[in-house]
**Student:** 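One structure, as structure tokens, below. Some questions next.
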Amino acid sequence: MTGVFSLLPEGRHGLLVPPSGGREDLSHYLAAGGYAPLPVPDPLLDRIARAGLRGRGGAGFPAAVKLRAVRDAPGRAVVVANGEEGEPGSVKDRWLLRHRPHVVLDGLRLAAAMTGTERGYVYVSDAAAEQAVLLALAERPPELRIDVVRAEHAYVAGEETAVIRRIDGGPALPRAKPPRPFESGVGGAPTLVANVETLARVAVMHTRPDVAAVVAGTHLVTLSGSGTGGTVLVEAPAGMHLKVLADLGGHGRAEGVLLGGLFGGLYGAGWADLPLDHDRLNAAGGALGCGALHFLHPEGCPVAAATEAAAYLAAQSARQCGVCVSGTGALAGTLATVAHGAAGDDTADQLRRWSRQLPGRGACGLLDAAARIVATLLAHFPDRVDAHRGAACPACADAAPDDGRRFAVAVP
Ligand code: SF4
């Protein structure tokens with residue numbers, strides 16, 4: 001199945017997924033209450049804090065904390081709508097920008113008002129998203145200066161310090177922190193880099209204060225899987241079990257799931273009862289990340305999926321941190337020996353040691369993602385890993401190289 005759906009109760013249909021497809025134009029957005037003035041004093045920031053809205057780029061950081069940090073930092077701030085979707089298994093940001101550019105631009109305007117800034121950017125790599133944003137800006141000239149900045153797509157190009165470097169004219173590569181963007185971002189100014197779904201939710205919380213808590217708890221989830229079907233983008237309420245989502249996408253027989261794009265690791269038995277919830281997934285040893293779920297087909301092999309994910313991450317390393325270059329390379333190369341039936345007696349222990357030693361040592365989260373994939377493969381599929389010792393696995397023989405094609409999805 002391929003398509004875009006909302007699983008919210010009737011009457012809330014259209015929080016972010018509208019009843020009909022196509023690009024939403026300005027008249028529709030205004031008719032729904034969009035671009036309403038922000039009252040003084042502004043009640044929106046407190047509403048965002050009370051509702052507990054968390055960023056949707058991957059880290060799940062509280063949105064109100066980030067807004068307040070930029071508002072309170074000395075100097076004239078900058079706000080950035082980050083639409084660069086690094087995870088190959090996610091489509092939500094590109095879909096939002098292509099179909100609902102006004103709700104993102106409205107969120108950017110509101111973020112600018114809350115942080116007291118007059119300068120904004122929209123940061124994208126997708127050409128269709130860029131066109132939709134430019135059209136929307138022409139339909140309604142913004143209250144602040146907004147420039148659209150294009151980057152080449154890459155796994156790390158949407159990391160917030162990479163965004164800042166690219167806007168400043170450099171490469172879209174992460175840099176070490178501190179300073180954090182709220183301390184020194186674009187041109188040295190305090191900078192809010194906010195994911196486009198986060199900004200869209202800010203805008204809806206402004207126009208629909210009555211459902212602010214629902215807006216904060218709802219997720220745009222990209223469903224994909226090996227073996228079957230196309231790509232489904234679904235607007236799902238907080239806490240929904242992953243089995244419901246898997247069934248919707250045609251993946252109900254899955255033996256596991258890769259969480260959060262490539263960021264949240266693999267999960268095996270018990271995956272069906274996992275809830276769509278940052279804290280509960282973290283407590284279960286996973287991570288929701290950007291909300292992309294890739295289901296593992298029962299006739300496939302989790303070792304093949306992990307091997308391709310690690311190889312892709314190693315290929316996407318920005319090669320700035322020595323530990324990342326050697327670490328992702330070692331993880332990917334050693335997983336490949338497992339996949340090809342060439343692992344030794346101590347290979348699994350070596351992988352386990354690396355997966356504990358490497359997290360937190362790179363300038364961005366790419367190395368952590370690779371380590372988590374290895375750690376969760378060993379934790380959730382020990383028998384499947386063991387079954388590869390001395391025996392080549394047919395599913396792994398078909399494993400693709402390092403281009404991430406297993407996980408890549410098209411915008412529905
Ligand atoms: S951890 Fe890896 S991907 Fe991230 S900045 Fe360092 S070298 Fe680049």
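Atoms within a ligand are numbered from 1 in the order they appear, just like the ligands themselves. Fair warning: this is a prediction, and the values are worked out from it, not measured in the lab.
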**Student:** For His241, does the NE2 atom have more than 12 heavy-atom neighbours from other residues, nucleotides or ligands under 6.0 Å away?
**Tutor:** yes
**Student:** Are Phe407 and Tyr312 an aromatic pair, judged by ring center distance below 6.0 Å?
**Tutor:** no
**Student:** Which protein N, O or S atoms sit under 2.8 Å from atom 6 (Fe) of ligand 1?
**Tutor:** Cys321 SG
**Student:** Does the pair His251 and His294 meet the rule for a ring-ring contact (aromatic ring centres under 6.0 Å, His included), with working shown?
**Tutor:** CA-CA 9 Å; His251 308 292; His294 179 88; 7.9 Å; no
**Student:** Just wondering, more than 12 heavy atoms not from Arg352 lying within 6.0 Å of its CZ?
**Tutor:** yes
**Student:** Measure from NZ or CZ of Arg54 to the centre of the six-membered ring of Phe61 and say whether it is under 6.0 Å with the direction within 45° of the ring axis.
**Tutor:** no
**Student:** Does NZ or CZ of Arg372 come closer than 6.0 Å to the centre of the six-membered ring of Phe263, within 45° of the ring's axis?
**Tutor:** yes
